[in-house]
Amino acid sequence: MAGLQPVRGTHDLLGEDMRRHRKVAETARDIAARYCFEEIATPIFEFSEVFKRTLGDTSDIVTKEMYSFTDRGGDDVTLRPEGTAGVCRALISGGLAQRLPLKFFYYGPMFRYERPQKGRLRQFHQIGVENLGVAEPPADIDTIALGAAILDGLGVLAKTRLEINTLGDAESRSAYRAALVGYFQGHVGALSPDSRLRLERNPLRILDSKDEGDRKLVADAPLFTDFLNSESKEFFSQVTKGLERLGITFTINPRLVRGLDYYCHTAFEFTTEALGAQGAVLAGGRYDGLVATMGGPTVPAIGWAGGVERLAMLLAEAPPQPRPVAVVPIGPEAEAEAPLLAARLRKAGFAVELGYRGNVGKRMKAANKANARVALLLGEDEMKRGAATVRDLDTGEQSEVPLSDLNDRLARFR
RNA sequence: GCGGGUGUAGCUCAGUUGGUUAGAGCGCCAGAUUGUGGAUCUGGAUGUCGCCGGUUCAAGCCCGGUCACUCGCCCCA
């Protein structure tokens, strides 16, 4: 531990950053509510098993990237690296499968032990939704539309591109996988070392390799489209048509894939060029096999998650701080009265900055620094008349106002 | 986990071939101004030069290590 530093990959959120962050979370929450996705908050940590089952024990993720520890009772627990597993666990352990279909929205911190980069922290935040219990394309369309609506609500939709693909159903996918493995095994010498490993663990991932040589091979690789059965084709066609009808523009990216087996059909990502290598800002897909993998019933589902820090960086400008009313007492009697006046105004809904010390000049400076819209000067003269001097700090105009009229006179600054 | 770049005041940065007491702007504090902010003027405080070690008569500067940030790779549930 070197002095007092924040843990690597964590940081404090305050000021402008905090306002950006909160705007992302609140906009998402509001719009999700309009789509009737109910907010859910699951615990920040779960039994490690919850994440291990969904990811498979052998993956890098489980062995290298999770914050896992044994608690004092001897239980193996993990800080959640993502939100879906917790929601699915809640669905199973809470008996929510009886109430399907269900639509959930969540927001909160996630933890991954990764090398930090811009837009990638060890403690970061996600917004996300899970649309559970519906196997038909309208759920995919509505869920993607919600993502687009949130990006639009944040004013960042134009900075992103929606890419979409289908992974087909299990039958199509295993046929394609076999063909792909066959093809790459024939060119194994030309594959990058990374992709040779992928060939064994996660062959679909070779499709989105960034290696030049790999890309050349990928260009001639078998196409997923040729292995999709008619049901899968029809499903994808309905999803894309539905998006078109809503005026949501997208490009089909046949190299957009997911590694794990419980993913199927729709996969999509909203990406941006504005954030360097960390281009995905909101991504998801259909995961009909996940709940069953975790030991629950078969529950078809689709969802997505979005990175709050990345979205916050995309916001054109930080939301402004609310401009308060500053109460400036002059003299000991006014000093005693000022907190009462502030309390009345605060109860009436005003943001009130109450100066704690200093002469009038100091407090006016403080009011200015707090970006106050008006200052209420309360001195002996005003108190005798049951009034306060209202000074507009933008125009410099001021006039004395009876305390009883204050709420009305300040109404436009609320 | 792998590779590159960067660490000097709260912030943005300057600091010559290694040479005496480490600087600027912004911000901060005080005063000009004990019933009026912003502007101006005057004055003031900034600091383990990221940290540890080495080389040297002498290190902010050179070398090694380390920590953090950053860009990319891996990964991306």
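Computed from a predicted model, the values in this text were never measured in an experiment.
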Handout entry: d(CZ, Arg198(A); C1', rC73(B)) in whole Å
Key = 10 Å

Extract from the structure each pairing of a protein N or O with an N or O of nucleotides 68-72 of chain B at less than 3.5 Å, listing the distance.
from: rC69(B); atom 1: OP1; to: Gly9(A); atom 2: N; distance (Å): 3.0
from: rC69(B); atom 1: OP2; to: Arg8(A); atom 2: NE; distance (Å): 2.9
from: rC71(B); atom 1: OP2; to: Lys118(A); atom 2: N; distance (Å): 2.6
from: rG72(B); atom 1: OP1; to: Ala277(A); atom 2: N; distance (Å): 2.8

Practice task
With Leu96(A) as reference, evaluate Leu132(A), Leu91(A), Val299(A), Val87(A) under the side chain to side chain contact (heavy atoms under 4.5 Å, CB included) test and give the passing residue.
Solution key: Leu91(A)

Exercise for the section: Output all residues satisfying side chain to side chain contact (heavy atoms under 4.5 Å, CB included) with Arg8(A), sequence neighbours left out; order by chain, then residue number. Expected result: Arg115(A), Pro116(A), Arg122(A)

Exercise for the section: Work out which heavy atom in Ala338(A) is nearest to a heavy atom in Val327(A); give both atom names and the distance. Expected result: CB-CG1, 3.8 Å

Practice task
Check if the side chain of Arg112(A) and the base of rA77(B) share a donor-acceptor pair of N or O atoms closer than 3.5 Å.
Solution key: yes

Problem - Pair Lys384(A) + Glu382(A), salt bridge at N-O below 4.0 Å - result: no

Problem - Glu114(A) side-chain proximity, nearest of rA77(B), rC74(B), rC75(B) - result: rC75(B)

Exercise for the section: Encode nucleotides 29-39 of chain B as B, S and - characters from 5' to 3', where the letter depends on protein heavy atoms closer than 4.0 Å: B to the base, S only to sugar-phosphate, - to neither. Expected result: SSS---BBBB-

Handout entry: Pairs touching residues 332-348 of chain A that satisfy side-chain hydrogen bond (donor to acceptor under 3.5 Å, both in side chains), sequence neighbours left out
Key = Glu335(A)-Arg363(A)

Practice task
If a pair satisfies salt bridge (charged side-chain N to carboxylate O under 4.0 Å, His left out) and one of its residues is in residues 309-322 of chain A, list it, with sequence neighbours excluded.
Solution key: none

Completion exercise
In short, ring-ring contact (aromatic ring centres under 6.0 Å, His included) pairs touching residues 327-362 of chain A with sequence neighbours left out are none

